[in-house]
Structures are given as structure tokens and as C-alpha cells.
K.L.:
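The following block contains the structure, expressed as C-alpha cells.
Every value quoted in this text rests on a predicted model; they were computed, and no experiment measured them. Throughout, protein chains are lettered first and strands after them, A, B, ... in sequence-line order, and every chain is numbered starting at 1.
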Amino acid sequence: MNLEKTLFDTYGFTSFRPGQKEVIEKILGGQDVIALLPTGMGKSMCYQLPAHLMEGSVLVVSPLLSLMQDQVAQLKKMGEKSVAAINSFLDPAERSNILHNLNTYRFIFISPEMLVQPYIKNKLMGLNISLLVADEAHCISQWGFDFRPDYLRIAEIMPALGHPRVLALTATATAKVTEEIKQYLKLSEPFIYTHPMDRKNIAYDIKKFENGKEKLEWLSTFVAANKGPGIIYAGTRKKSQELSNLLSLSGIRTAFYHGGMEHQDRIFVQQQFQNGELEWVCSTNAFGMGVHIPDIGHVIHFQVPTSIEGYVQEVGRAGRNGDPALATLLYAAGDEDLLANLVLDDLPTNHEIREVYQNEGDPAQLVDQGIVRETSLRVISYWKNHLSEQDTIIQIAQQKNEKIKQSAKIRKLINLESCVREYVLECFDQQLHIKPENCCINDHLNFADFLTHRETVDIQVLDTWESRLNAILPC
DNA sequence: CGTACTCTAAATAGTTAGAGTACGGTGCACTATT
């Protein structure tokens, strides 16, 4: 079989990107695959092409509804008509129509939550699914344990589907995350493709400040002098709004973005940013997955991220076009503990575990009575189906330990005196072979190469940002 | 850990300081209400 010919005939591309062919060959050969491909390496082709060479449909488990809609639109744009997404966006008529005609679709997108619904499982059971794709598979590990436990349950559908081949795709996975993907998707001997994840065109900077006000001053000055597009990651929803409001006062085209906003508003911000109508987006970690903007030149972390994985994912949204891009991590004393504690508090407490295990009525009442938090209930309910109470307590304790390790890695990053790039790669069990000329703050960095000066400076707004800053800050 | 808010006591009539407490980030689906 000539894969290149199929690639050209179907999609018009003359050659594969690194990894694609290898991954596709393994899938066609009947093997499960975990593919670690950096952003922009054409992950979706790894299931799109096989779909044309196999009998039956491809079922893609996707983490976000908006991402799903995007993927569907992309495929349709490429001329693929038999695409459907099963999710809560569907009105009852569409939904019933799609569910009745499931066997006519070549690509079916679905959320993990939908996938584990018994009636959906029944609908999928009669289908000929040749490949199950776990897109953004790091979510299994990143969200499965404390946030979206249905991510741990994807494998439950396998028997009903007659054990199709499985392809797990992600851009960022440590050895531990890869192991968890393998474990929870129940893959016995997967082929693991790992592409070097270093992004040569992204340089790392870390700036330390005495307090939050100094960070703000630096940010205002920098953003006033440098045009976007850029993303500023804040630690809280409120902070993302504050930063956006502050920068707007200086005449900068900016907007905020976080999970507490109306869906329509979120889409609007994303579209404006994609169309170049916004220069800087101030957001929480909600922003990014599924955002494909090639020319992001700056990613600034105004507050410290909660894990190296999260940091790398967010940084990786810069420089997709290959142009030089700068990742700047801002740190002020005390920042590292802010979200670390929050993240720990989020896992179920031993008390909550005991309550759920010993509860004999409707567990939802525990939530109503304020004894158990809602996410805790969902996480504990998952474990209750698999483990004893004591083992669940041990399991959750291990998760907490893991979170502590993650925040220790971040702390080390902040205080690093050696090469940032090497350290980040080390966290992903990879080695740096070739160091780019512009590497990081600890190992050669020429800032001039990354500055994106504004061509038309809006003088009237630049001169008085300090007074504006003081005006809105009580300190 | 830091912030914002609430509560309480001591001051004396509306204000203030300090103590205590709740909250902070990622999303799906479902249901009830407009």
C-alpha cells in the first residue's frame, strides 16, 4: 500500500510530517499507539488517513465541546461529509437523527461523559468501529483523578465496540502520564511514538519581583511597548479581568477569558483573537486547548502555573509558525504556594471518602447537605466501583503526593540557576541535543530578538499608565 | 498563601480595628426556568 499516494489523493499533501507515517503504519497493522507529537505536527492526520483505509468508523474522544465543533468543521471543510459530534449542543431532533444514523458516519466525535452513558453505549454497540482515538490524551491523567473522572472510564466501552484499535494522541506527556494513559485505556503492548518535544524557537525567561505591584508595573510597561499577539496567563478569573482592564486603560486591545464566562462570550473572544482584533488575551488556564493561532509571539505567566506539564502546554501555544517566541514567567515572593494549596484542597478528603462509602441512601444528598463537595462525590463514586474504602484513601493520598511533587518541580523551576530548557525537558525524561542560540534566561538570551515593537505608538495613553495604575489600585 | 468579606467588640451613635472565615482553576451533561 502506498500511503503517500493516499495522502496526496485524499488530502493533497505530498509528504508526511515526522512521525505521522510510522504511527499510521502501526495502526493499519493492527497495533495500539500512543503518539506524543508536539503541537502543529499534524496529529489529526494520524487518524484521518487511516479512516480512509479501514472498514468502519473512527470514534474520537475529545475533551472540549468547542474543540469538537472545530474538528467537525475542519473535516467538513476538507470535504468530509460523514462527520458527527454527539454532545449536549445537539437539540433533541438533531440528536435523535444522529443516533439513528450512527452507522453512516466515518468520524464520530464524543465527550468521555457521553461515552459512558449506558444508552449511548447501546447505540454504539452495533457499530463497526475500527479505531478509537483519545485526543488530548494527557487529560486522562490531568483531569481524570480530580475533575472529570469519566476520563478514567474510556476503556469501559471497548468490549461493546469489539475491542477496536486505540490511538492516544497528545503533545505533552511525562513518562508517568504515558504510563497512566496506557493503564487506563487498557493497552497491553502499545507502540509508543515519542517525538522530541523541544520547541527551538521558544525561549524561556523567568523574572523575579519583590511583590505583585512590581509585576504589574513590568507587565504594563512591556505590553505597552510590545504588540501581540500574546497570551497572559493569570492564576484566577478575577486577576485575568483585572489585568485586562488595566491594559485596556493604556489603549491596548485586550480581553479577558475564563471558565466563568458565558459560552458565547468565550467564543467571541477567541474569534477576535484569531482574527487579529485583539493583541493580548488575559486568561486563566481555560484558554488554549484547540486555539490554533500561528503567530503568538509571547506567552506571559503572570502567576505561577500549578505543574510543569501545564506550563509547557501553555508555553507551547506560542510560535507555532516557527518564528522566535518568548515565554516569560513572572514570579513574586509567595506566588508558588497560592495555587499549590488550592489544588491540594480539591482532592477528596478522608472524611468525604468515609461519608460516601458509608452512605446508604442517595449520595447526592451528601452534596445537598454540604457534607461532600460535588466533584469529590464524582471522584469517590468512581473509585467506589473499583476499590475498598481503605484503598481509595491510599489512592487519593498518592494523588496528593503527586500534586506536591508537581509543585516542588515548579518551585525548582523558579529558583533554577542552570538551563531552563534542559530542566523542562528533563521533567519529560528527554535530553537536549542541540541548544538554540536563544535559549533561556540562565543560558544566553538576547531579548532584542523577541521584542515586537509597536509601529504606531499611541502616545496619549502611554505617558500616564503609572497614574492610571495608581488610580485603580488601592495600595 | 493572599484577598475579600463578615462578624464582633469597643467605642459612643456611626466608625474602626481585629479576628474569623470562605474562596481561589480546568468541563461535561442534565434539569428547570425564562
K.L.:
Should B:dG2 form a Watson-Crick or G-U wobble pair with both distances under 3.5 Å, which nucleotide is its partner?
P.N.:
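WC or wobble partner is B:dC23.
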
K.L.:
Nearest whole Å is fine: how far is B:dC28 P from A:Glu374 CD?
P.N.:
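Those two atoms, CD and P, are 14 Å apart.
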
K.L.:
To the nearest angstrom, how far is A:Arg153 atom CZ from B:dC28 atom C1'?
P.N.:
13 Å

K.L.:
Look through every strand shown and name the nucleotide pairing with B:dT34 as Watson-Crick or G-U wobble, where both distances are under 3.5 Å.
P.N.:
none

K.L.:
With the criterion set at under 5.5 Å between ring centres and under 30 degrees between planes, would B:dT26 be stacked on A:Phe147?
P.N.:
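Ring-base stacking flag set for A:Phe147 and B:dT26.
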
K.L.:
Between B:dA29 and B:dT33, how far is it from one P atom to the other, in whole Å?
P.N.:
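Those two atoms are separated by 22 Å.
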
K.L.:
Which one is paired to B:dT8, where only Watson-Crick or G-U wobble pairs with both distances under 3.5 angstrom count?
P.N.:
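Partner of B:dT8: B:dA17.
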
K.L.:
Taking the six-membered ring for Trp, are A:Phe222 and A:His298 ring centroids under 6.0 Å apart?
P.N.:
yes

K.L.:
Could you say whether A:Leu347 or A:Lys238 is positioned toward the 5' end of DNA chain B, judged by the nucleotide with the nearest heavy atom to each?
P.N.:
A:Lys238

K.L.:
Which is true for A:Met289 with a 4.0 Å heavy-atom rule: it touches a base, it touches only sugar-phosphate, or it touches nothing?
P.N.:
nothing

K.L.:
Nearest-Å distance, CE (A:Met114) to P (B:dC28)?
P.N.:
11 Å

K.L.:
From C-beta outward on A:Ala286, which listed nucleotide comes closest to its side chain: B:dG27, B:dA29, B:dG24?
P.N.:
B:dG27

K.L.:
Paired with B:dA29: which nucleotide, if any, by Watson-Crick or G-U wobble criteria at under 3.5 Å for both distances?
P.N.:
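Per the H-bond distance test, none.
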
K.L.:
Given atom CG of A:Leu377 and atom P of B:dC28, what is their separation to the nearest angstrom?
P.N.:
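Atom CG in A:Leu377 sits about 20 Å away from atom P in B:dC28.
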
K.L.:
Would you please indicate yes or no on a ring centroid separation below 6.0 angstrom for A:Tyr184 and A:Phe145?
P.N.:
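They qualify: ring centres under 6.0 Å apart.
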
K.L.:
Given B:dG27, B:dA29, B:dT26, which nucleotide is nearest the side-chain atoms of A:Ser111?
P.N.:
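Of all the options, the side chain of A:Ser111 is nearest to B:dA29.
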
K.L.:
Looking at B:dG27, I'd like to know if its phosphate oxygens (OP1 or OP2) sit under 4.0 Å from a side-chain N or O belonging to A:Arg266.
P.N.:
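Answer yes for this pair, as a side-chain N or O of A:Arg266 is under 4.0 Å from OP1 or OP2.
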
K.L.:
Please classify the nucleic acid contact of A:Asn87 as base, sugar-phosphate, or nothing, using heavy-atom distances under 4.0 Å.
P.N.:
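Here A:Asn87 touches the backbone only, sparing every base.
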
K.L.:
Heavy atoms only, 4.0 Å cut-off, all strands: where does A:Pro63 land among base, sugar-phosphate and nothing?
P.N.:
sugar-phosphate

K.L.:
Please determine whether a side-chain nitrogen or oxygen atom of A:Ser88 lies at a distance below 4.0 Å from atom OP1 or OP2 of B:dA29.
P.N.:
yes

K.L.:
Quick one: is the NZ or CZ of A:Lys215 closer than 6.0 Å to the six-membered ring centre of A:Phe302, and within 45° of its axis?
P.N.:
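Yes, cation above the ring, under 6.0 Å and within 45°.
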
K.L.:
Taking 4.0 angstrom as the limit, do A:Asp146 and A:Lys403 come out as a salt bridge?
P.N.:
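A salt bridge links A:Asp146 with A:Lys403.
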
K.L.:
From CD1 of A:Ile140 over to C1' of B:dG27, roughly how many Å is that when rounded to an integer?
P.N.:
16 Å

K.L.:
For A:Glu179, is there an ion pair with A:Lys176 - N to carboxylate O distance below 4.0 angstrom?
P.N.:
no

K.L.:
How is A:Tyr119 classified with respect to the nucleic acid when contacts are heavy atoms under 4.0 Å: base, sugar-phosphate, or nothing?
P.N.:
sugar-phosphate

K.L.:
How many Å lie between CZ on A:Arg317 and P on B:dT26, as a whole number?
P.N.:
12 Å

K.L.:
Does a side-chain N or O from A:Arg237 land closer than 4.0 Å to OP1 or OP2 of B:dC23, or not?
P.N.:
no

K.L.:
Grab the CG-P distance between A:Leu67 and B:dT26 for me, whole Å please.
P.N.:
17 Å

K.L.:
Quick one: do A:Lys76 and A:Glu80 make a salt bridge, cutoff under 4.0 Å?
P.N.:
no

K.L.:
Output the rounded distance in Å from NE2 (A:His263) to C1' (B:dC30).
P.N.:
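Whole-Å distance recorded here is 17 Å.
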
K.L.:
NA contact type, A:Arg95, heavy-atom cut-off 4.0 Å: base, sugar-phosphate, or nothing?
P.N.:
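If one applies the 4.0 Å heavy-atom cut-off, A:Arg95 turns out to touch the sugar-phosphate alone, with no base involved.
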
K.L.:
Give me the distance, rounded to whole Å, that separates B:dC30 from B:dT26 when you measure between the P atoms they each carry.
P.N.:
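That atom pair is separated by 23 Å.
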
